[in-house]
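See structure below.
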2 protein chains.
Amino acid sequence: MTRNGRPTSRDVAHEAGVSQSTVSLVLAGKWTGRVSPATAQAVHEAAARIGYRPNEAARSLRLGRTRTVLLVVPTLSNPFFGALYTGTARVAAAHGFRIVVYPWPEPAHSAAFGSPFAHEAIDGILASSMALEMLGGFGGTPVVMLDSDPAGVAPTVDFDVADGMRRIADHVLGLGHRHVGHIAAAVDEWTFRSRGEALHAAVASTPGGRVTPARAAIDVAAARDAAADLLRRPDRPTVLVCDDDQIAAGAYKAARALGLEVPGDVSVTGFDDVLLAAALEPELTTVRLPAAALGAEGMTALLDLLDGGTPPSRSLPGDLVVRGSTAPPPVR
Amino acid sequence: MTRNGRPTSRDVAHEAGVSQSTVSLVLAGKWTGRVSPATAQAVHEAAARIGYRPNEAARSLRLGRTRTVLLVVPTLSNPFFGALYTGTARVAAAHGFRIVVYPWPEPAHSAAFGSPFAHEAIDGILASSMALEMLGGFGGTPVVMLDSDPAGVAPTVDFDVADGMRRIADHVLGLGHRHVGHIAAAVDEWTFRSRGEALHAAVASTPGGRVTPARAAIDVAAARDAAADLLRRPDRPTVLVCDDDQIAAGAYKAARALGLEVPGDVSVTGFDDVLLAAALEPELTTVRLPAAALGAEGMTALLDLLDGGTPPSRSLPGDLVVRGSTAPPPVR
DNA sequence: CTGAAAGCGCTTACAG
DNA sequence: CTGAAAGCGCTTACAG
């Protein structure tokens, strides 16, 4: 027994009447052909009887692996990343890994958190929605990037955001819109660059189509101001395509403040399909990005990488979800 | 050097020309009076030069402590718990602890996660918004409960939700409302029981005041249906007091579907002040609960407990935030 | 003031 | 088929 009262493999050995090494072999599942079935069963029973659980610290020290993965996300105030975490943790748990979440850079607290890589008690890193370079020096720790530029050196699991934005474009162009206001997220990341490029390409290839760009932080108040600027123009866009659901919420507020109805006077679209999208009135037309699936696929790829594999970069499709915030442009 | 190329305290010792035990003493900050200042400085310089970082697994094994705390939350889809995590992690990092988040019971994945207590590589538990009994058998691991019944055996850090709800009640009663619809969260937890009791008490003590109760899951669609039932009554309440901001979002939807204006025809209040509250139109009158502060105070209490202290149960005040969703009742 | 040594609980060659 | 032993990298009495 350890000082804190937890049984050790020696206690199991004593209880089962075998040696400690036999216990280790049996409980690691490496006994077939080396230990008799009867002995193995006795060990399992003894372990269950005294409530034995292996000491992870000892195993980590011995193996040089910690079975811990660091998940780096830009923020936890967006429930998107909560869902992402859930997906990674599900796959991790099934393989005996744990996930430590690290919101970074969290503007408010970045300094106080200290460097996550200082601890180094991790086997690998999953980083979402950021550039690999942002991670700085993390030694040779294996990394899988999520929702990030697939042109980098690390394996990547992405959403096909360009395709999602093309679906948005096809939807609003199909409704008859030609003048599109695009409220881009003022964050220089691959995921947002891709959304913007796809939108511009799709609209430009349509006769009479044009995009008026604007930028806003991913924040309701900032988006409201950017949207108000677009809506006060003499040649007002008939639809506001937003890089994110929170930005779309700001666009709603700007429209209402100017006495414009959504979607009667101006249509609005979002991106992500977080809870907010269905809470707004009217409900938001957006692209659903399966965050939990992204996390699960990313963790699967990282496990492959840790096993010495070379997981291919992949892309998950997003679904267009048409709700009440889009309609044909007003007749003039 | 370890197999994976990381320098150890032996490498530092060699670099500094001292013994490994001296390195350990110096880097643990326990050298004053036992090691000469010159030697201590040499050790620090050598450690910095070769980029030494202590192996956490070895330290954990030796000390029998892991410097890891499990944070159990009901869900991560509500950004409230993201903020709570941020607060705990900030204090934890300052003390060399890490936080492992565990959403539990996450209806969708609860089975797949496995028991968090099985790993046992934790020194303590912070559990939010649940009953201590839900944690089941966690051995003798120290626990601090957050936003939970202070009558339990574990130290507790709470919001004064009863006071918050009284402020809501005073606000709407002050506006002239007398018939209050209460949409309670259909979750049998202390935090919601307290909200309901405080509301009923405050309204009952006002001449002519009465409460019509309803219940809904913490979910926009469920809340919409519950609110619609209240609003279709012949003796319709003039204000819907909701146990949570998401429930309030559902109340908005029900009002709009019935052609009622918020706040002209019916006032609505929330609780928590998550991002959604300011994204709604009109913006939601609610009680701001400082989630990050709760997390920070909880972690501080747990550190105290781990040090052998007996942290007192505490309560943090919530602020009433009056926005556009409340107004005097319509004249009849 | 400094170092040699024990030992935390495991895993895994190695010997029998 | 089974066990004795080494060793992962630390912390901390203990001896000098």
Side-chain angles (χ1 to χ4, degrees), chain A residues 1-44 46-47 50-68 96 119-121 123, chain B residues 1-44 46-47 50-68 96 119-121 123:
Chain A
M1 297 282 264
T2 57
R3 285 169 278 185
N4 50 40
R6 231 171 90 194
T8 71
S9 58
R10 291 184 84 92
D11 298 318
V12 179
H14 186 255
E15 175 81 13
V18 298
S19 75
Q20 185 271 328
S21 17
T22 298
V23 171
S24 219
L25 238 32
V26 169
L27 296 182
K30 299 183 179 171
W31 59 277
T32 31
R34 311 177 65 182
V35 174
S36 76
T39 304
Q41 191 181 343
V43 168
H44 277 123
I50 68 178
Y52 170 71
R53 303 227 150 269
N55 179 312
E56 289 293 330
R59 168 179 278 166
S60 291
L61 175 58
R62 177 58 228 241
L63 296 176
R65 293 185 287 105
T66 57
R67 300 197 150 248
T68 297
H119 284 273
E120 288 217 24
D123 289 346
Chain B
M1 299 280 265
T2 56
R3 285 168 280 184
N4 50 40
R6 234 172 89 192
T8 71
S9 58
R10 291 185 83 94
D11 298 319
V12 178
H14 186 255
E15 176 81 13
V18 299
S19 76
Q20 185 270 330
S21 18
T22 299
V23 170
S24 220
L25 238 32
V26 170
L27 296 183
K30 299 183 178 171
W31 59 275
T32 32
R34 312 177 63 183
V35 175
S36 75
T39 304
Q41 189 180 343
V43 167
H44 277 122
I50 68 178
Y52 170 72
R53 305 226 149 270
N55 180 312
E56 289 294 331
R59 167 178 280 166
S60 291
L61 175 58
R62 178 60 227 241
L63 296 177
R65 294 185 286 105
T66 57
R67 302 198 149 245
T68 297
H119 283 273
E120 286 217 27
D123 289 346

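To find a chain, count down the sequence lines: A is the first, B the second, and so on, and within it residues start at 1.
As a whole-Å value, the separation of A:L61 CG from C:dG7 C1' is 12 Å. As a whole-Å value, the separation of A:R67 CZ from D:dC8 P is 21 Å.
When heavy atoms are screened at a 4.0 angstrom cut-off, B:S60 is found touching no nucleic acid atom at all.
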Going 5' to 3' through nucleotides 10-16 of chain C and flagging B where a protein heavy-atom sits under 4.0 Å of the base, S where only the sugar-phosphate is that close, and - otherwise, we get BBB----
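Of the possible donor and acceptor atoms, none in the side chain of B:R59 sits under 3.5 Å from a partner among the backbone N and O of B:G64.
Qualifying salt bridge (Lys or Arg N to Asp or Glu O under 4.0 Å) partners for A:R67, counting only residues two or more places apart in sequence or in other chains: none. Listed by chain and number, the residues in a side-chain contact (heavy atoms from CB on, under 4.5 Å) with B:E15 are B:A46, B:R49, B:I50 (sequence neighbours excluded).
Among the duplex regions that DNA chain D forms, those built from at least three successive Watson-Crick or G-U pairs under 3.5 Å are C:1-3 with D:14-16, C:5-12 with D:5-12, C:14-16 with D:1-3, ordered by first number.
For the atom pair OG1 (A:T8) and CG (A:N55), the distance works out to 9.0 Å, reported to the nearest 0.5 Å. Here the straight-line distance linking atom CD of B:E56 with atom OG1 of B:T66 works out to 9.5 Å at 0.5 Å rounding.
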Would you list the atom pairs, donor with acceptor, under 3.5 Å between side chains in residues 20-28 of chain B and any protein atom, with sequence neighbours excluded?
from: B:Q20; atom 1: NE2; to: B:S9; atom 2: OG; distance (Å): 3.0
from: B:S21; atom 1: OG; to: B:S19; atom 2: OG; distance (Å): 3.2
from: B:T22; atom 1: OG1; to: B:S19; atom 2: OG; distance (Å): 3.1

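Contact of the B:V43 side chain with the B:V18 side chain is registered, since non-hydrogen atoms from C-beta on lie closer than 4.5 Å.
A salt bridge (Lys or Arg N to Asp or Glu O under 4.0 Å) check over residues 18-27 of chain B, counting only residues at least two apart or in different chains, returns nothing.
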